[in-house]
Amino acid sequence: MSAPAGNLPEVVSREQWLAARRELLAQEKELTRARDRVNAARRRLPMVRVDEPYTFEGPDGTVSLLDLFEGRPQLVLHHFMFAPEWDQACASCSSAADGIGRLRQLHVRNTTLVAVSRAPYPKLAAFRERMGWQFPWYSSYGTSFNFDFHATLDDRVAPVLLHFRTEDELAEAGTPWTNGPWTPGMRGSELPGISAFLRVGDEVFHTYSTYGRGIEDFHNGYHYLDLTALGRQEAWEEPKGRATPLGLHVGGPAMRVPDEYET
């Protein structure tokens, strides 16, 4: 257990704290209203019909994308990094998955949540049992699903679109890993992401996808940590020097799959 490093909050009276808290409340309300506007804009996005007959492997054998909805009109899908050749799933994706609890609050709101990975289903089932997870997890092994939704990048299978940037745009902007262009050595790169789908009758439509920091709300208890004085305990946070960085950020050196932590 690491202690606070320094630069801790000022100690004040309750009255002074309340005045400062009210100032922050104004900023929080502004953020809430901005989030509402962005969410409304997200709901206004156009959608794309999914015509490819994708199939997945699950506990009951082969199923279609339509089957993943479980009869509900909405589907939220975690692109869970677990390549076919890996022995276990990505630690960062596992961190997000470890926070998925009961799904009843989604179900009563007409929404199904699943995870999809490229590893063969027996690997997923074994890892799911090891972690004690309950959410549905399907394999897209042998299909183009991950590539088509840009959760696995390989220009030989589908055009590269990394965080919605093409190869030409990446040549100018750089990839998040190297700040350089896309190269053939990056073929097979796995990305975490979340996609949303809408079912209208027997037709399926793709309505939304997000990657990178777009999915961080579902990682590492960030919603709770952002309420605390020490925050996420990551090196980039302000104010500097308050907490010793733990290295538990996404892709960090101390990140492990959940059952490998000592606590």
Side-chain angles (χ1 to χ4, degrees), residues 1-45 74 76 78 80 90-111 113 115 131-135 163 176 192-194 196 208-263:
M1 182 180 297
S2 61
N7 194 19
L8 298 181
E10 180 185 2
V11 178
V12 297
S13 68
R14 176 58 61 179
E15 291 74 18
Q16 290 171 307
W17 180 89
L18 181 58
R21 178 63 186 91
R22 285 173 171 165
E23 290 182 8
L24 178 61
L25 180 61
Q27 297 180 54
E28 291 177 335
K29 287 180 177 292
E30 180 182 348
L31 179 61
T32 296
R33 288 190 288 268
R35 184 175 64 241
D36 290 343
R37 291 191 297 270
V38 171
N39 288 340
R42 184 182 296 113
R43 290 190 293 272
R44 293 188 180 102
L45 277 175
Q74 295 196 124
V76 176
H78 274 271
F80 196 129
C90 160
S92 296
C93 291
S94 297
S95 171
D98 214 41
I100 299 175
R102 291 183 180 272
L103 300 178
R104 72 179 81 185
Q105 297 300 326
L106 288 177
H107 292 172
V108 298
R109 289 166 174 82
N110 306 308
T111 303
L113 182 143
M131 293 294 115
W133 295 333
Q134 299 298 313
F135 58 85
H163 297 178
I194 295 177
Y208 182 74
S209 286
T210 188
Y211 309 90
R213 292 197 69 182
I215 64 172
E216 75 172 13
D217 284 348
F218 307 95
H219 275 273
N220 309 335
Y222 279 158
H223 272 314
Y224 293 106
L225 293 169
D226 285 343
L227 302 180
T228 68
L230 300 185
R232 305 179 185 189
Q233 298 156 77
E234 297 179 4
W236 62 272
E237 286 181 289
E238 297 286 348
K240 295 292 187 182
R242 173 160 294 183
T244 302
L246 301 177
L248 291 170
H249 54 280
V250 172
M255 180 164 276
R256 305 286 185 267
V257 295
D259 66 351
E260 291 179 352
Y261 293 116
E262 294 181 358
T263 56

Other residues, nucleotides and ligands only: do more than 12 of their heavy atoms fall within 6.0 Å of CD on E260?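 Yes.
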
Test item: [X] and [Y] side chains (from C-beta on) under 4.5 Å apart, heavy atoms:
X: E216; Y: R232; value: yes
X: P245; Y: W236; value: no
X: S94; Y: M131; value: no
X: H78; Y: I100; value: yes

For P253 against H249, the heavy-atom pair lying closest together: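 Between these two residues, the closest heavy atoms are CD-CE1, 3.9 Å.
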
Where do V12 and W17 come nearest, in terms of heavy atoms and distance?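 Scanning both residues completely, I find the closest heavy atoms to be CG2-N, 3.7 Å.
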
Could you tell me whether the side chain of [X] and the main chain of [Y] form a donor-acceptor pair under 3.5 Å?
X: K240; Y: N7; value: no
X: N110; Y: Q74; value: no
X: S92; Y: G251; value: yes
X: S95; Y: A91; value: no
X: E237; Y: E234; value: yes
X: Y211; Y: I194; value: no
X: R242; Y: E238; value: no
X: T111; Y: R109; value: yes

Test L248 against Y261 for side chain to side chain contact (heavy atoms under 4.5 Å, CB included), laying out the working first. CA-CA 11 Å; L248 291 170; Y261 293 116; 3.8 Å; yes

How many angstroms lie between [atom1] in [X] and [atom2] in [Y], if you round to the nearest 0.5 Å?
X: R213; Y: H219; atom1: CZ; atom2: NE2; result: 12.0 Å
X: L225; Y: L230; atom1: CG; atom2: CG; result: 9.5 Å
X: R43; Y: Y208; atom1: CZ; atom2: OH; result: 12.5 Å

So, are R35 and E28 salt-bridged, with charged N and O less than 4.0 Å apart?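 E28 and R35: not salt-bridged.
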
Yes or no on side chain to side chain contact (heavy atoms under 4.5 Å, CB included) for D217 and H223, after CA distance, side-chain angles and deciding distance? CA-CA 6 Å; D217 284 348; H223 272 314; 3.6 Å; yes

Could you go step by step and tell me if Q233 and T244 meet the side chain to side chain contact (heavy atoms under 4.5 Å, CB included) rule? CA-CA 6 Å; Q233 298 156 77; T244 302; over 6 Å; no

Tell me whether the NZ or CZ atom of R102 lies within the 45° cone about the ring axis of W133 and under 6.0 Å from its centre.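 Not flagged: R102 not positioned over aromatic ring of W133.
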
Counterpart residues, ring-ring contact (aromatic ring centres under 6.0 Å, His included), relative to F218 (two or more places apart):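 Scan of F218 (ring-ring contact (aromatic ring centres under 6.0 Å, His included), adjacent residues dropped) gives none.
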
